[in-house]
There are 2 protein chains.
Amino acid sequence: MNDLLERLRGRGWRLTSQRRVVAEVLDGEHVHLTADQVHARAVARLPEISRATVYNTLGELVALGEVLEVATDGRARRYDPNAHRAHQHLVCSGCGAIRDVHPQGDPLAALPAAERFGFAVTTAEVTYRGLCPDCRA
Amino acid sequence: MNDLLERLRGRGWRLTSQRRVVAEVLDGEHVHLTADQVHARAVARLPEISRATVYNTLGELVALGEVLEVATDGRARRYDPNAHRAHQHLVCSGCGAIRDVHPQGDPLAALPAAERFGFAVTTAEVTYRGLCPDCRA
DNA sequence: TGTTGACTTAGACAAAGTCCAAGTTAGGAT
DNA sequence: ATCCTAACTTGGACTTTGTCTAAGTCAACA
Ligand SMILES: [Mn+2]
Ligand SMILES: [Mn+2]
Ligand SMILES: [Zn+2]
Ligand SMILES: [Zn+2]
């Protein structure tokens with residue numbers, strides 16, 4: 001995570017306590033927090049941090065490519081610090097739990113040129129859905 | 001679309017003018033309207049229809065399996081009447097245009113058992129992204 | 001240590017969706 | 001044909017999620 005803060009600095013960004021705290025909260029695997037969840041955890045460490053700053057910082061991290069924005073439901077966007085290893089998501093239809101998964105092959109390869117309609121297709125996001133072990137019981 | 005209305009009737013649902021209008025609006029291919037867009041078009045035919053009824057009816061049609069709910073961005077959910085032929089979506093990163101596409105093979109097959117973590121996986125939704133011909137220019 | 005532009009903040013605003021009490025009506029019963 | 005009533009619809013309040021702005025603060029450089 002120091003890497004990240006150094007990269008931000010390299011781009012001429014100020015290392016504020018707010019940005020440090022957001023970066024600390026957004027660390028680990030299988031982490032897919034909403035902006036409000038990030039804010040709640042950030043407040044635990046830095047009580048005066050504002051919602052606006054959390055949104056700003058998340059947007060900056062996404063623009064930097066350091067965090068992924070995931071829209072698995074029609075609700076709040078989720079923020080995923082696991083931006084450096086390509087992966088897809090497995091979502092429980094019961095409880096909403098989200099896991100990182102690594103399918104075989106390149107999902108893009110399944111889309112024939114004839115089905116691309118002249119688009120310059122660059123990414124494929126896959127959401128697998130089903131019931132997790134707990135919700136199946 | 002009469003099929004749909006008959007199926008609704010078969011489930012003991014009243015055929016109100018409101019439901020009829022929503023069913024008429026949600027017809028065709030490559031149709032991915034937001035709830036507000038459905039409402040706007042419904043109002044053109046039945047001026048007194050309310051937002052609440054549009055949301056209610058869309059939710060009912062989704063529960064019936066007659067309409068798909070699509071979350072391609074972090075914004076409004078979209079409603080897709082093309083529920084009877086499995087397909088995926090190609091979204092323009094520039095203008096947001098959405099096309100139905102039909103990839104080869106079953107996207108589920110790409111997820112090995114070892115990557116399912118005990119989930120009973122039932123569906124895979126794929127969103128392909130890129131620039132459409134207009135936005136590339 | 002001072003300066004300054006980048007950053008943060010509170011709160012207003014907007015967009016998307018849910019919920020409810022009160023009024024209306026589709027469709028079976030009479 | 002008319003009545004009855006549970007199902008449906010409605011407007012508006014409310015919630016959640018996200019954006020924006022003007023005013024205050026501070027990190028980093030000199
Ligand atoms: Mn992830
Ligand atoms: Mn579609
Ligand atoms: Zn679950
Ligand atoms: Zn486009």
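Here is how names work: the chains are called A, B, and so on, in the same order as the sequence lines, proteins then strands, and each is numbered from 1.
In this structure, R51(A) does not reach the dT9(C) phosphate: none of its side-chain N or O atoms is under 4.0 Å from OP1 or OP2. Listed pair R77(B) / dG17(C) meets the phosphate criterion, a side-chain N or O lying under 4.0 Å from OP1 or OP2.
Note: H89(A) and H87(A) meet the aromatic proximity criterion, with ring centroids under 6.0 Å apart.
Within the 4.5 Å cutoff, no side-chain heavy atoms of T57(A) are placed close to those of T16(A). At least one side-chain heavy atom of R75(A) sits under 4.5 Å from a side-chain heavy atom of R77(B).
Remark: P of dG5(C) and CZ of R11(A) are 23 Å apart, rounded to the nearest angstrom. Look at CG on L61(A): it is 14 Å from C1' on dC7(C), rounded to the nearest Å. If you measure from atom CD of E48(A) to atom C1' of dT8(C), you get 10 Å, rounded to the nearest angstrom. Summarising the geometry, the separation between NE2 on H39(B) and C1' on dA15(C) is reported as 15 Å, rounded to the nearest angstrom. Rounded to a whole Å, the OH atom of Y55(A) is 15 Å from the C1' atom of dG11(C). Between the C1' atom of dT8(C) and the CZ atom of R19(A) lies a distance of 10 Å, rounded to the nearest Å.
Ionic pairing of R85(B) and D100(B) is not present here: no N-O contact between side-chain nitrogen and carboxylate oxygen is shorter than 4.0 angstrom. Using a cut-off of 4.0 Å between Lys/Arg side-chain N and Asp/Glu carboxylate O, E60(A) and R19(A) are scored as salt-bridged. A salt bridge links R7(A) with E66(A): at least one charged nitrogen is closer than 4.0 Å to a carboxylate oxygen. Between R78(A) and E69(A), no side-chain nitrogen of the basic residue sits less than 4.0 Å from a carboxylate oxygen of the acidic one, so the salt-bridge criterion is not met.
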- Task: Report, as a single string ordered 5' to 3', how protein heavy atoms within less than 4.0 Å touch nucleotides 20-30 of chain C: B base, S sugar-phosphate only, - not at all.
- Result: -----BBS---
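Mapped onto DNA chain D by nearest heavy atom, G74(B) and S50(B) fall at different nucleotides, with S50(B) at the one closer to the 5' end. Residues T57(A) and R75(A) each lie close to DNA chain C; by heavy-atom proximity, the contact nearer the 5' end of the strand is made by T57(A).
First and last contacts of DNA chain D with chain B, using any nucleotide atom under 4.0 Å from a protein heavy atom and ordered 5' to 3', fall at dA6(D) to dG11(D).
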- Task: Kindly determine whether W13(A) and L64(A) satisfy side-chain contact (heavy atoms from CB on, under 4.5 Å), including the steps that lead there.
- Result: CA-CA 12 Å; W13(A) 291 8; L64(A) 239 184; 4.2 Å; yes
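Other cluster members for L108(A): L90(A), V101(A), L111(A), F117(A), F119(A), V121(A), V126(A), Y128(A), L90(B), V101(B), L108(B), L111(B), F117(B), F119(B), V121(B), V126(B), Y128(B), joined by side-chain heavy-atom distances under 4.5 Å among Ile, Leu, Val, Met, Phe, Trp and Tyr.
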